[in-house]
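To start, the structure under review is shown below, and the notes come after it.
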Amino acid sequence: SAAPTVAPKTGTGVFSKTRAALGARTLRTDRWWVPPLATVVGLAAFVVYATIRSYVRTAYWVSDYHYLTPFYSPCVSTDCVPGASHFGHWFGHIPAILPLGFLVLPFLLLFRLTCYYYRKAYYRSVWFSPPACAVAEPHAKYTGETKLPLIIQNAHRYFFYVAVLVALINTYDAIIAFHGKSGGFGFGLGNLVLAGNALLLWAYTLSCHSCRHIAGGRLKNFSAHPVRYWFWTQVSKLNTRHMTLAWTTLGTLVLTDFYVMLVASGTISDPRFIN
Ligand code: FES
């Protein structure tokens with residue numbers, strides 16, 4: 001059979017003269033493209049859903065039970081439906097070009113986009129750098145995270161603090177949602193959804209690699225810092241599940257919003273256990 005054509009060796013990286021002269025992009029024969037494809041489908045589904053829901057400005061608040069979807073929290077504009085602004089009105093009218101949850105969505109996305117796990121996922125599936133082990137990437141140059149825009153990845157540690165704030169706000173929302181139709185304490189299926197979402201958000205946020213560094217990094221010896229050592233040990237346990245938590249919370253965010261939307265729009269009624 002004809003010999004495979006040899007890729008031109010003119011640039012750097014996989015195109016450099018010192019790399020093996022392989023004609024094929026990869027010699028792998030397994031379905032190496034399945035994981036990157038699944039990743040891109042999952043991430044795209046989230047982005048499409050979150051974008052549509054963030055812009056529709058309907059069915060985000062259940063006034064009977066005080067359920068607020070995380071995509072609209074905090075709701076700090078006078079455009080927010082009465083009752084949904086737990087922290088007051090900081091802004092007047094927000095033009096339709098911006099989502100009502102404009103204070104949360106950019107940070108939610110920046111935290112996730114710069115997350116160490118998500119980077120691994122989309123560097124492979126979207127950036128193709130490289131798409132899989134032993135599969136050549138199309139880029140001629142490799143500059144890592146040293147230049148714009150990828151140098152912004154280094155700001156992840158700061159987005160972590162904002163993510164803690166978001167988790168606190170979602171926790172507050174979940175607590176005040178224990179509200180009955182006629183006032184006082186109430187408890188329904190929506191409470192389990194909101195509380196479960198907040199709990200998993202904490203697990204994802206605390207399992208962050210930056211959090212692990214804050215807990216136990218730059219210490220010369222653990223024996224002199226027993227509290228930080230204990231915290232670091234707990235965070236390390238969660239950290240081993242960071243990928244699972246990243247996907248789980250992407251799913252629970254969507255499910256929580258979807259549930260609030262169904263109840264708020266009157267499509268289903270919230271099963272109540274108390275009041
Ligand atoms: Fe994933 Fe920080 S590393 S959230």
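Start at 1 and go down the list; that is how both ligands and their atoms are numbered.
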Enumerated ligand 1 atoms positioned under 4.0 Å from heavy atoms of H156: 2 (Fe), 3 (S), 4 (S)

Under-4.0 Å heavy-atom contact with ligand 1, by part of R112 that carries it: neither

Heteroatom of H242 nearest to atom 1 (Fe) of ligand 1 (N, O or S, atom name): NE2

Separation of SG atoms, C115 and C208, below 2.5 Å: no

Pair D257, Y72: side-chain N/O donor-acceptor within cut-off below 3.5 Å: no

Proximity to ligand 1 by part of Y204, non-hydrogen separation under 4.0 Å: side chain

Any F111 heavy atom less than 4.0 Å from ligand 1: yes

Polar side chain donor-acceptor pair, W32 to T26, under 3.5 angstrom: no

Under 2.8 Å: N/O/S of C208 next to atom 2 (Fe) of ligand 1: yes

Heteroatom test (N, O or S) for H209 near atom 1 (Fe) of ligand 1, limit 2.8 Å: no

Plane angle bin for W61 and H86 - parallel if under 30°, tilted between 30 and 60°, otherwise perpendicular: perpendicular

Within 45° cone of Y116 ring axis and under 6.0 Å: R119 NZ or CZ: yes

Sub-6.0 Å ring centroid separation between F185 and H179: no

